[in-house]
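Following: one structure in structure tokens, then a few remarks.
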Amino acid sequence: MQGLWQLFYNMELGLMTVLAAMENHRIHVDKDALKRTSDLLGTKLKQLEQEAHKAAGQQFLVTSSNQLRLVLFEKLRLQELCENKKLPKTVLKQHHSTSEVVLMQLQDLHPLPKIILEYRQVHKIKSTYVDGIMSCMKKSYISSTWNQTGTVSGRLSAKHPVIMHLRSLHFSGKEPEVVTIHPRSMFIPAEGWTFLAADFSQVELRLLAHLSLDPELLKLFQEPKTTADVFSMLASQWKGIPETEVKHADREQAKRIVYSVVYGAGKERLSEILGITADQASQFVESFLQKYKQVRAFTQKTIQQCQKQGYVVSIMGRRRPLPHIGAQDYTIRTQAERQAVNFVVQGSAADLCKIAMIRIFTLLASSSTLTARLIAQIHDELLFEVEDSQVEEFAAVLKSTMESLQHVEALGVHLKVPLKVTLSTGKSWGSMTELLDSRSCSH
DNA sequence: CTAATCTTT
DNA sequence: CGGGAAAGATTAG
């Protein structure tokens, strides 16, 4: 039946057990650290509230947009001071809005809007990333809920603790000092265990190379300069700086640019990312697609195929129907076209990661010595908890198992490019350091 | 550019 | 007062 049975039987069915085990597993959280940061942010909010009251000349509930509107527009009458600017707006009622754009415009006129803006920012950080996690906790641990069928691309999604969205946050502390919060460092392994993370490097770009058969792209991955990182390399080329000088942010930007271009970003959007004019941006796109000629051929082929059959297919047979692919409306049609292209690559990457999870899981289940446990999946990254004494041994099996997915006999997958997995370990999820291949170290 | 979750308005 | 939609933040590629 449409070749979907194989996908269901060999992948999704097997994954259910894996996800169930992940949901059952307890991820320990450093409750004290969490409490400390919550208190820290709480104090900051209190401070800002006081400042706001002082600036307003009265007490009011800072979180209430109604009360804020009263202070801003009826007491201070700030709208009268900015008639030259376009009226902020009021849609539903005749009221003035207190939305972010309005406050931005008002912040030169009075100290209050700025304080409110900072208050809202800190408040959001606190409620999402600190109190949000705290409310999901039972005793001293959390477990995410994993949704197997919640995305169009075949990726997994996680609910409750927003495990996939945690990041570092900076905000101004007392005067000059800047406080940085690392929500990921709140997550800690059990006593005597270590976190081990395995990442498929540049997985979507490698898949694009395989799918498009672009010679330049293939060369990038097939040549044995395995030491080089593609995005760092491109960043160094574009910025004209040696690769050792490439910062994390440069690499991150290069990555964004590459994916933006191959997924069909317009010149306006790209000029924003690159910080150049739209003309320069479209020139950039042209020269990029000129160098990697087959990429454009691949997107066109994908769109054509989608027009013909109404859906696109990932490398392991997952489908996405795109009924709007033949729409009259330009906006709707081109969006479907970009979605078609994106699905083939992103969906294939999702397939690969799911297979990796199953392989490792069954390997662990049948091992009499290895005790590692799969904790989470963040798209192309698998996070494990490993007994301290087994880190080296498990790391080696993990890496080779994942990289061996270049060929998956059962699903007819034979990638034209090798897969590369990078490993990192740490005593908290927030402080992982790369684990280098022990073989290349010792020789 | 695509995919997602979560909070605010 | 609450539900829902849209906007805007983040993450991943």
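Per chain, numbering begins at 1; letters A, B, ... match sequence-line order. Just so you know, these numbers use all the heavy atoms, side chains as well, and skip hydrogens, waters and symmetry mates.
- Not less than 6.0 angstrom separates the ring centroid of Phe195(A) from the ring centroid of Phe384(A).
- Distances shown here put every side-chain N or O of Gln377(A) at or beyond 4.0 Å from the OP1 or OP2 atom of dA12(C).
- Looking at Thr277(A) and Gln280(A), their side chains do bring a donor and an acceptor atom within 3.5 Å of each other.
- The nearest whole Å value for the distance from the CD1 atom in Ile315(A) to the P atom in dG13(C) is 18 Å.
- dG13(C) atom P lies 13 Å from atom CG of Leu207(A), rounded to whole Å.
- The side chain of Val152(A) lies closest to dA3(B), out of dA3(B), dT7(B), dA12(C).
- Atom CD1 of Ile133(A) and atom P of dT10(C) are 17 Å apart (whole Å).
- Checked against the 6.0 Å centroid threshold, Phe231(A) and Tyr259(A) count as a close aromatic pair.
- With salt bridges taken as basic N to acidic carboxylate O contacts below 4.0 Å, none links Glu286(A) and Lys291(A).
- You'll find that the side chain of Ser157(A) is closest to dT5(B), out of dT5(B), dT8(B), dG13(C).
- Distance Glu381(A) CD to dA3(B) P: 23 Å, rounded to the nearest Å.
- Listed candidates were dT2(B), dA12(C), dG13(C). Nearest to the side chain of Asp199(A) is dG13(C).
- Atom NZ in Lys126(A) sits about 22 Å away from atom P in dA9(C), given to the nearest Å.
- One interatomic measurement links the two molecules: CD of Gln346(A) to P of dT2(B), which rounds to 11 Å at whole-angstrom precision.
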